[in-house]
Structure formats: structure tokens, C-alpha cells
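Letters go in sequence order (proteins before strands), and every chain restarts at 1.
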Amino acid sequence: MATEAPNTAAENESNTPRKDFIREIIDEHNRTGRFGGRVYTRFPPEPNGYLHIGHAKSIWLNFSIADEYGGKTNLRFDDTNPTKEEQEYIDSIQEDVRWLGYEWEELRYASDYFDQLYEWAVQLIRDGKAYVDHLSADEIREYRGTLTEPGKNSPYRDRSVEENLDLFERMRKGEFAEGECVLRAKIDMASPNINLRDPVMYRILHTSHPRTGDEWCIYPTYDWAHGQSDSIEGITHSICTLEFEDHRPLYDWFIDQLGIHHPQQIEFARLNLSYTVLSKRRLIRLVQEGHVNGWDDPRMPTISGLRRRGVTPKAIRDLCEMTGVSKSNSVVDIQMFEYCVRQDLNKVAPRAMAVLRPLRVVITNYPEDQTEEFEVLVNPEDPSAGTRLLPFSRVLYIEQDDFMEDPPPKYYRLAPGREVRLRAAYFIKCEEVIKDEAGNVVELRCTYDPATRGGDAPDGRKVKATLHWVSEQHAIEAEVRLYDRLFTVEDPTSDPDKDFLEFLNPKSLEVLTGCKLERNLANAKPGERYQFERIGYFAVDPDSTDGKLVFNRTVTLRDEWAKLQQKSGR
RNA sequence: UGGGGAGUAGCCAAGUGGUAAGGCAGCGGACUUUGGAUCCGCCAUGCGCAGGUUCGAAUCCUGCCUCCCCAGCCA
């Protein structure tokens, strides 16, 4: 809209949150002209797993920064280890980045640079700054020293340039077995920074690569590939997580030796969430050991899992923004994420009537064959979403939880002799409770007040509760999957003596069948999100078929009554 | 006990010498045809600890404590 742009700009004047330390660094660069005012970032995932909400933070940071500074962002796959990487992951990562709402400037692969990296390695060898080492992996470890003791030089460290050149070429030609030798940078085996103790640049891997096939049998390590890849792409700000902080001197060293464009690496603390795990290793175990049903199981913190669960991209972006950027390790309360999810869904989700655990209600004074329709707002938060028709008749379903034979204080819902409102319909009063032989309540006999049509009493009398309901003869049935936290404790990884799987929540999934839905949902399509009034937000699962709808609970509505019960109950 | 980081409320997080923002959670209340949403109020005499400098310190100095990362031919 034409009026929107100026408004947004004006709002930003006053509402712009304080800049984080990364943006301040960029401002400083722009002041001093370090990169000529350019801002070029990149998101560099390794395609060895699915993206999760932790990656989303990095994606958000890189793309939103570039956007704010009029810059660009590349998507680059760090595909330097063909033993772990697969095309499946390359595809899913692209899908997820797009779904989050971002489009990259260029799609690149570290493997695009294998030739250049090889040439640069040769250059370092010529300069006497790299050498082929025939120490075994174990020996290299021994020679590296420890945290408190310096390492010692490899006996192969002083081979001549000619010999190194010859050996390295033969490495490339495949004349050596895996592990027989490596190419190492010649830096300082006594450096207090272990990353500088002659790090490995190339290792032999007789494995074909998803992109380069069998062209190579030597592959650059991440340390050798990453900085130069950024440099080649003209990246100005190379944003990464904290654990790479002490690799920065190494990347700087490589780039300085090569004399090429020098990006600024900036490290920030990755996002962690309570009641979940966010490491690839653990996520892979959850999938491979069958604790969840795949990478996109709605209980997974993966982007694909969250998507299937019904979470919106905006909710994820909001969380990233809300939690801020800093350098201190932290664990964000999952409730902050739930808040973001509810906040977005409240504004965009159409409302629907859905009775998850049905209790039959017969309106005894409502004519047997009568049916009428009520027109109700699709979304009270967004009148432009229009209205829908709800059919009403003599026999209805309400939620089992919405009736108590012997209600405790503060329980406002239906009880014997009590009057409540059926949302958008009538006041009803419970006259009789029907039980089976076991004493279970199986049906309620109620009367309605025709004068309260639409939900208001002309005499001004009030009710304390409004219930959702579905007409029996008009209802459609569905399966509803209720998800809860995957783990029972805030940090399943905090106890070093226990496997995180010991803290799996056995009740993380509850499947309900025979749920009764308003008929307007009959044509709901996978991915669509709804608010089931008074219950929560639900998304149509791809498992749905023409005859059978399946819904995933994204998140519950905030629930004052449940909170009260918890306080008094346990 | 080598090197690199970080400590501000239950959880995130501003603060850059002038007297502790904001959000989530929590607790009160208003309103409500979703116990939803919305609105109002409360919630750090205190910034890891101890000293010091200063008229004045979360911010500067000194010492200490705690936590995280690094000893892959993983990224």
C-alpha cells in the first residue's frame, strides 16, 4: 500500500531497537570505510543434516543485516567432507531458507573453489609455508602437544619445496592411501593457540563427492576452505558462532599469506532453547533410533518439523529478533518461542469449532427436525477475514472438560443446574446428567433459551462461561495429534552421566481420534493453520487424505484454568 | 594450572562515568460472546565476589571466583 512505506519509516525512527554489537561493528566499518560501505554476508551450512531453529538465528542474522544495510547474502554449502554430506540435505536446506522468507543472492558451494584452493595450497608450499606430513593421525595428535604443553615439529616438517610439491601432486593423483599423509600449514607447533600448531589443510579421502564426483581424492579441511571461500565471494562480514573465535587467527593467517580480500569474522552466541536439543549429532540420533518419526516430526526443532507442526516463519523470525544477539552462552525459555507462535497465529489463523473429546448434549426443548445457522466471524482479530456459517441443531457435542458434575470453586463451565453460553448460539442450562452403568457421564440433557439467540440475553442476565460446540449431524470427524515438549527437563544434556534420551517425554505425542469438527473444515488443506477456539492452534498434517483429516496441535492457547488447576493440584 | 570468550531479575537482554531500558515468565486488577486477545499495575537500593579511583562506578583500575570453547585427517 502506498501509505505503508512512509509510516514504516517513521515508526522505525522511534521504535528501532538498540543495535546489537554486530551492527555496531558494521556501522564502525562504514564510518571508517573499511569495506567501502559494502555489506555482504553469507549463510554457510554443511549439508549433513536438516536445518533447525538454531540455524534460523544465523540465517535471520545474515539476511536481515544485509537487508538493512542494502547488501547481499549468499547461500554457500560448506561441502568439504563428502563422507557426511548428501544431496537430500542440500535440497532441504534450500527449501527451509526460502520458507523462512529469504532469497540468497548467489548459491555457491565450497566445492566450486576446489581448484582455486589447490592452487593456493601449491602457492603456500612454494613459499615454504605448507608441507606434506607422513605422520599418522595418532602421531600427529601426539606431536600436537596438549593444552598446557607445546607441541613438537614433525620430522617431515622441513622437507624441501620440491619434495613437497611432488608429494602433494601425488596425493592429488591418488598415489596414497587414506591416512597415509596430509598437507599441513607450517605455522608454529608451540603456539598457545592449538589451532595454529600446523593445522591440516588437506586429507586423502577416496570418496566421491555429491558435486565433484571422483574428480578429487584429496579434500580441503573446513579450516583451509572456509576463510578463502568467504574471500573469493567478497564477503565483508563473516558471521559465525563462538567456537570459531580462536580459529580466527588461523583464517587471518591464511588470508594474509595469500594476500587476498580479507573479510571480518564476527562471532556470536548460538541460540539454545529449553526443553529441546539442538545439536546435529543428537538430532540425528532421535531420527535414526526412531524416537521421532523423521526429520520433520512435529516434535523436532528442525525447520521442517516446526513447519509441519504449524509454526509460521514469522514466529521464528520474531523469536530471533526478540532474543537478541550477544556473546554470552544462553538458553532461551521455550515459552518465549511459544509466545511468538501464539502472537502471530492469533492474528492470522481462522477460527474453528472443534471438540476434541466429545460429550453429547441434547437440547430437549429444541425441535427435533430443526436446523439453523449462525453467521460468525472467521477471525475476530481480523474482520476482513469475513464470516462463516455454523449449523446448529438439537444434538450437539461439547468438550468433556467443559462439564463437571461437582464443580470446584472458580470452575465457570457447565454443571448441573448451571447456565452457560454456546458460542454464537444460545444460552443452555443443564437439566439432567445421563450416566452409563460404570457411572461415566455419557450425555447431558439441557434446555435452551430461544430469547438468547446469537448469545445475548435480552433481560441482561450474564453467564460466566462460553463453550465451543459442534452440531452432531453436521460434524466431520478427524484425528488430532497433541504434541508436548520432547523432553521433560530444561536441559537434557546437562547431566554428563546420563544420556539425553533418558529425559525423553513419554507423553510428547497423544493421538486423539473421533474428534468432532465444524463442517467448514471439510476442505482444509495440508499446511493450513486454524485456531480451534478455546483450545489452541492446529495445522493440517500432510498425512491427511480426502476422507480423513489429521491435525497437529501447534501450541495451546494460554489457559488460566489449567494454570489454576496446576497450582492447586500438584 | 596454555590460549580464547562470557558473567546485569527465574529466562533473554539494553546499558559505553551521572544514579539499572525492554521482552518472556510470574503476580495483581480491568475488560471480554474464546478462562483467548487487549489494557493497567507490580516485579534488581541491585549489576559474579572483594578491594581501589572518583563528587559520583554495572561502566575505570587491581585481585579473585564461576561458566563456555579449543588437544578431528569434523564443521
Heavy-atom closest pair (A:Lys84 atom, A:Tyr89 atom, distance to 0.1 Å) is O-CE1, 4.4 Å
Subject >> Interatomic distance at C1', B:rA58 relative to B:rG17, whole Å >> reply: 11 Å
Mate of B:rG26 across any strand shown (Watson-Crick or G-U wobble, both atom pairs under 3.5 Å) is B:rC42
Measure up the A:Tyr118 and A:Phe168 rings against each other and bin them: parallel (under 30°), tilted (30 to 60°), perpendicular (over 60°).
parallel
Pairing partner of B:rG36, by Watson-Crick or G-U wobble and under 3.5 Å for both distances, is none
- Using the P atom as the reference point in each nucleotide, state the distance between B:rG5 and B:rC40 in Å, no decimals. 43 Å
The answer to which of A:Tyr537 and A:Ser326 contacts RNA chain B further toward the 5' end, by nearest nucleotide, is A:Ser326
Margin query: Go through it in stages, so that I can follow the logic: the residues are A:Phe244 and A:Phe268, the test is ring-ring contact (aromatic ring centres under 6.0 Å, His included), and I'd like the CA-CA distance, side-chain angles, deciding distance and then a yes or no.
Written below: CA-CA 10 Å; A:Phe244 294 106; A:Phe268 75 103; over 10 Å; no
Margin query: Taking only the C1' atom of each, what is the distance from B:rG63 to B:rC68 in whole angstrom?
Written below: 22 Å
Taking a pair to mean Watson-Crick or G-U wobble geometry with both distances below 3.5 Å, B:rG7 pairs with B:rC65
TODO: Output yes when at least one side-chain N/O atom of A:Lys464 is less than 4.0 Å from OP1 or OP2 of B:rU32, else no.
DONE: no
Separation of B:rU32 atom C1' from A:Glu381 atom CD, nearest Å, is 12 Å
To the nearest angstrom, the NZ-P distance between A:Lys347 and B:rU38 comes to 8 Å
P atoms of B:rG72 and B:rA20, separation to the nearest Å = 50 Å
Under a 3.5 Å limit on both distances, the Watson-Crick or wobble mate of B:rA71 is none
Should the pair A:Arg534-A:Asp402 be classified as a salt bridge under the 4.0 Å nitrogen-to-oxygen rule? yes
### Message
What's the gap between B:rA71 and B:rG4 when it is taken at their C1' atoms, as a whole Å value?
### Response
14 Å
Notebook entry, point to check: Does OP1 or OP2 of B:rA37 have a side-chain N or O of A:Arg342 closer than 4.0 Å?
Noted result: no
In 5'-to-3' order, the base (B), backbone-only (S) or no-contact (-) status of each nucleotide in nucleotides 6-11 of chain B, using a 4.0 angstrom heavy-atom cut-off, is S----B
Its contact letters, B for base, S for sugar-phosphate only and - for none at protein heavy atoms under 4.0 Å, make nucleotides 70-75 of chain B read BBSBSB
| Taking the six-membered ring of A:Tyr131, is NZ or CZ of A:Arg184 closer than 6.0 Å to its centre and within 45° of its axis? | no
Check your understanding: Is the closest side-chain heavy-atom distance between A:His134 and A:Leu167 below 4.5 Å?
Key -> yes
In Watson-Crick or G-U wobble terms, with both distances under 3.5 Å, the base opposite B:rU54 is none
Side-chain contact check for A:Glu24: nearest option of B:rG5, B:rU34, B:rG15 is B:rG15
Testing B:rU34, B:rC27, B:rC24 for proximity to the side chain of A:Tyr339, the answer is B:rC24
To the nearest 0.5 Å, atom CG of A:Leu51 lies from atom OG1 of A:Thr302 at 9.5 Å
- request: Using modelled atom types only, decide if a donor and an acceptor are shared between the side chain of A:His468 and the backbone of A:Ala354 within a distance under 3.5 Å.
  value: yes
_Gap in Å between the two C1' atoms, one belonging to B:rG18 and one to B:rC60, rounded_ = 14 Å
For A:Ala121 and A:Trp224 the tightest heavy-atom approach is N-CZ2, 3.6 Å
- Message: Between the base of B:rG35 and the side chain of A:Gln565, is there a donor and acceptor pair under 3.5 angstrom?
- Response: no
Rounded to the nearest 0.5 angstrom, the CZ-CZ distance for A:Arg281 and A:Arg285 is 6.5 Å
> For atom C1', what is the distance between B:rG46 and B:rA14, given to the nearest Å?
Replying inline: 16 Å
Can you check the distance between B:rU32 and B:rU8, where both ends of the measurement are the P atom (answer in whole Å)?
42 Å
